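Remember, it's a predicted structure, so these values are computed and weren't measured experimentally. Quick note: numbers below take in every heavy atom, side chains included, and nothing from hydrogens, waters or symmetry partners. Every number for a ligand or one of its atoms is a count from 1 in the order of the listing.
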Amino acid sequence: MKPKVCVVGSANIDQVSYVKRTPNDGETVFGDSYQMGFGGKGANQAVMAGILGAEVYVITCLGSDVYRDMTIENFKNNDVITDYIQTVDGSSGVAPIWVDESGQNRIIVIPGANDLIDGSLAIEALEKIGKPDVLVGQFEIPMNVNEQVFSYAYKNGVETVLNPAPANKPSDILLQNTSWFIPNEIEFEEIYGDIFNENNLLLFAKNVDTNVVVTLGEKGCAYIKNNSVKIIKADSVKAIDTTGAGDAFVGAFSFALASKLDIEECLKLALKKATDSVTKKGTQSSYKN
Ligand code: RIB
């Protein structure tokens, strides 16, 4: 049987400009190339789980525009089940992205329909889907919808994975219903209120009832084993485009967790998929071999 993963979250159309360097205030620069692709943290994580072979459901909200049909078709092409996608009047989410010569990205998200996802419909969808092995969420949809779905899933014995991106402090109720909390270094610092280091990670983890993993970009990831911090290193590669690497990590981790791999194996697979993704251009387009 395939591992069953349900992702509740955003879907965007990514509009990516590749530039040698990003412009300063009031400055115009020429870019090298442009590409449009499928993105959104929720969609990216679902697509990665689909590529890896999960039975994956996406609960997201699209607008009444041309992007809707394209997005649904893209999900289907990546083995993501689209039966529980909501549609509202107006525009789908879009994300203008700049990627510079070092592969670093800067992203603006215009949420559009993502902000209008309906929590009650999401719960109805979960009832119909039946118990997934893992439920995944992020912060590109309203916090109260995440609270609803995480509470429902957690109470029904589902392992829940929260990726607090873009950085925002999770409510107590959300954290109490989270099994795995996976910020990156910057998100950790914004949420914890101090720099990321091993001591602060231990202090943060002591005060929450969830497992914590911090992704560290090219340095790998950190997690806690037997009350001490363990770092798993990433392979070193030349980064072309880091956009969506965090989502590749979370999607692959969720697939591995749903497959009942042990945690170190889950993290190693997640790191491998995230590392591979930075060697190719685009967001979801960088997930395939
Ligand atoms: O994490 C990368 C993603 O952030 C992009 O796909 C963009 O749409 C934003 O959601």
Heavy-atom contacts with Glu140 under 4.0 Å: which atoms of ligand 1 show up? List them by number with element. 4 (O), 9 (C), 10 (O)
For Asp247, the ligand 1 atoms with a heavy-atom partner under 4.0 Å come out as 1 (O), 2 (C), 3 (C)
Given 3.5 Å as the limit, does a donor-acceptor pair link the side chain of Thr242 with the main chain of Gly103, or not? yes
Do Ser254 and Trp180 touch side chain to side chain, with heavy atoms closer than 4.5 Å? no
Check: Asp241 side chain, Thr243 main-chain N or O, donor-acceptor pair, under 3.5 Å: yes
To check your reading of the model: name the closest protein heavy atom to atom 5 (C) of ligand 1, its residue, and the distance in Å. Asp14 OD2, 3.4 Å
So if I count the atoms of ligand 1 from 1 in the order they appear, which ones are less than 4.0 Å from some heavy atom of Ala95? 7 (C), 8 (O)
Could you tell me whether Thr243 and ligand 1 have an N or O pair separated by under 3.5 Å? no
In one Ile/Leu/Val/Met/Phe/Trp/Tyr side-chain cluster, 4.5 Å: Ile232, Val214: no
Could you tell me if any non-hydrogen atom of Gly40 lies under 4.0 Å from any atom of ligand 1? yes
How far is atom 4 (O) of ligand 1 from its nearest protein heavy atom, and which residue and atom is that? Lys41 NZ, 3.0 Å
Does Tyr154 have its ring centroid less than 6.0 Å away from the ring centroid of Phe150? no
For Gly39, take its heavy atoms, then give the atoms of ligand 1 lying under 4.0 Å from any of them. 6 (O), 8 (O)
